[in-house]
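Accompanying notes for the structure given below.
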Amino acid sequence: MQVRTRFAPSPTGFLHIGGARTALFSWAYAKHHDGKFILRIEDTDVARSTPEAVQAIMDGMHWLGLDYDEGPYYQMQRMDQYKVMIQKMISEGTAYYCYCSKEELDALRESQMQAGVKPRYDGRWRPEAGKVLPPAPADTPPVVRFKNPQSGVVAWDDMVKGRIEIANEELDDLIIARADGTPTYNFCVVVDDWEMGITQVIRGDDHVNNTPRQINMLKALGATIPQYAHLSMILGDDGQKLSKRHGAVSVMQYHEDGYLKAAVLNYLARLGWSHGDAEVFSMQQFCQWFDLHHITPSAAQFNTEKLNWLNAHYIKEMPLAELAVDITQRLANMAVTVHVAPDLQAVLGLYRERANNLNQLARDIAYFYSEPQAAAADIEKHITPEIKPVLAEFLIKLEALAWHAEAIHTLMNETVTAHQLKFPKLAMPLRVMLIGIAQSPSIDQVMAILGKEKSISRIKAYLN
RNA sequence: GUCCCCAUCGUCUAGAGGCCUAGGACACCUCCCUUUCACGGAGGCGACCGGGGUUCGAAUCCCCGUGGGGACGCCA
């Protein structure tokens, strides 16, 4: 049987890190089994769903390269199917009308909470053999409830948590259609997973409590029960739960914040899943390995430091031409225009070894294309009155030099030797003059790439 | 409150009864490299939540605690 997995977000916000990982795992599982990955938008909460959120989710998936084979399907466009199913269940006696008002239900819940029992519908409108139902009130439009079995247990072998059993006594008759006739989440999921032929339901573990209800409905419908895999959640860097109010950001924010998608993907894959000691791997490799085994059942805390480390790794690995395209854009965002010279790829080749963030990398090399502005403290510390004559002499020789790193290095060596100075005495002021800060790769290499003209003019500017 | 889930270094994790004196990675510390800052290299620090069983033997299996989380909606 062909594997079919799905990612089913509700479009009430952006694609956050937890959703992205769920999508990634579903996607990878389908890829691993040569199956299909389906995107389904669960937009039945009309009040909170927005087209912008749909777009944001698709943007996030697109950035990460989580392409879907089918969809997006929109639940709001499948109302007819749900209504057919609801009618079918009513006529078959596996669902029934309930005329309780919201107030009535609230009161019931309240009293149950107070009594210390699990709040649940008491089945007052549930038809039973020999039971006399109250007359239907004319002014209350009914909801439809699923007639959940009252005895026995629902059990499934969760692919990440193992066997889970829940007694039917714990479950009540959930509402599958609202008073206005629209179906509710749990019901739509059941119909969709069935009709779309989903073989593995991979989702967050906040859904384990929905699973027994869904299985019961699937059974009532005579549907095949898919396999379930419930992924634990991702906690923030501080160990706290991620929420709109606290730390949950869009995956696109990582792009803006200077992260490579390869790093984010690799990091997410490794969060709650492992393959022996493997830490760094491609998505191709991941899909080959990923079979839903070795997923950690416990919650995982996000660790930005490790993401940074992976980011550094992928910045080094990436083809220079590709890196150049990305950095050009980031420089443009900083109002810095990349010119033909110095050659951006050469600059990046020199600088990327030390970077773990694309924005940082862009900032580090901005001075190749814009005028540096050194801090007064650095100027005072490094460009001392004592060194200025040495620099002036160095500058004259520099002007006559054949411009390449080795020659510059040799000249620097000769200069410090002649004046009995330590190498940094010359290198540090050059850094400040040439790029505005005291940290850089080998300054001779920086000069070689910066170019003779710019190097000389920037030094001169300090020697008047 | 009721039900469900979870529990190995600070963090992500390896571990499916003996291979464990518990392995790897990030972070941290030390040293090396060095032209500053990084990169890199070599070392180091550092954990099986507690208590009972089962067993010749338990991080691994069972039970009970404890702690954390989730769910209990005409939200998804």
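Naming convention: chains lettered A, B, ... in sequence-line order (proteins, then strands); numbering from 1 in each chain. As a basis for the values below, the full set of heavy atoms in this structure was taken, side chains included, without hydrogen atoms, waters or symmetry mates.
- Regarding contacts with the backbone of B:G40, a side-chain N or O of A:K316 is found under 4.0 angstrom from either OP1 or OP2.
- Per the geometry, NE2 belonging to A:H207 stands 16 Å off C1' belonging to B:G69, to the nearest Å.
- Comparing the C1' positions of B:G10 and B:A27 gives an interatomic distance of 8 Å, to the nearest angstrom.
- Distances shown here put a side-chain N or O of A:T296 below 4.0 Å from the OP1 or OP2 atom of B:U13.
- At whole-Å resolution of the value, CG in A:N186 and C1' in B:A71 are 11 Å apart.
- The separation between A:W125 atom CH2 and B:C74 atom C1' is 16 Å, rounded to whole Å.
- Residues A:D173 and A:R213 are not paired through a salt bridge, judged by the lack of any N-O separation under 4.0 Å between the basic side chain and the carboxylate.
- At whole-Å resolution of the value, NE2 in A:H409 and P in B:U35 are 8 Å apart.
- Per the geometry, OH belonging to A:Y121 stands 19 Å off P belonging to B:C72, to the nearest Å.
- For A:F423, the ring-ring contact (aromatic ring centres under 6.0 Å, His included) criterion is met by A:H409, not counting sequence neighbours.
- Residue A:R352 places none of its side-chain N or O atoms closer than 4.0 Å to OP1 or OP2 of B:A38.
- Contact check, A:S10 against B:C75: no side-chain N or O comes under 4.0 Å of OP1 or OP2.
- Using a 4.0 Å cut-off, some side-chain N or O of A:K241 falls inside it from OP1 or OP2 of B:G70.
- Classification of the A:W273-A:F286 ring pair by plane angle, with boundaries at 30° and 60°, yields perpendicular.
- Between the NE2 atom of A:H293 and the C1' atom of B:U13 there is a distance of 18 Å, rounded to whole Å.
- No hydrogens or angles considered: nothing links the side chains of A:N357 and A:D257 as a donor-acceptor pair under 3.5 Å.
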message = Between A:Y267 and A:F302, is the side-chain contact (heavy atoms from CB on, under 4.5 Å) condition met? List the steps.
response = CA-CA 9 Å; A:Y267 181 74; A:F302 197 89; 3.3 Å; yes
Its contact letters, B for base, S for sugar-phosphate only and - for none at protein heavy atoms under 4.0 Å, make nucleotides 16-33 of chain B read -------BBBSS------
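- A donor atom on one side chain and an acceptor atom on the other are not found under 3.5 Å apart for A:R203 and A:T5.
- Regarding contacts with the backbone of B:G73, a side-chain N or O of A:R109 is found under 4.0 angstrom from either OP1 or OP2.
- Taking the P atoms as reference points, B:C5 lies 39 Å from B:C45, given to the whole Å.
- Within the structure, a side-chain polar atom (N or O) of A:S274 is placed less than 4.0 Å from OP1 or OP2 of B:A14.
- When the P atom is compared between B:C12 and B:U55, the two are found 36 Å apart, to the nearest whole Å.
- A:F187 places its CZ atom 20 Å from the P atom of B:G73, with the value rounded to the nearest Å.
- In this structure, A:K161 and A:Q240 both approach RNA chain B, and ranking their closest nucleotides by distance from the 5' end singles out A:K161.
- A:R21 forms a cation-pi arrangement with A:F25, by the criterion of a distance under 6.0 Å to the ring centre and an angle within 45° of the ring axis.
- At whole-Å resolution of the value, CD in A:Q439 and P in B:U35 are 16 Å apart.
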I'd like a list of close polar pairs between nucleotides 2-4 of chain B and the protein, N/O only, cut-off under 3.5 Å.
from, atom 1, to, atom 2, distance (Å)
B:C3, O4', A:E170, OE1, 3.4

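- Closest-nucleotide positions on RNA chain B for A:P441 and A:D205 were compared, and the one nearer the 5' end corresponds to A:P441.
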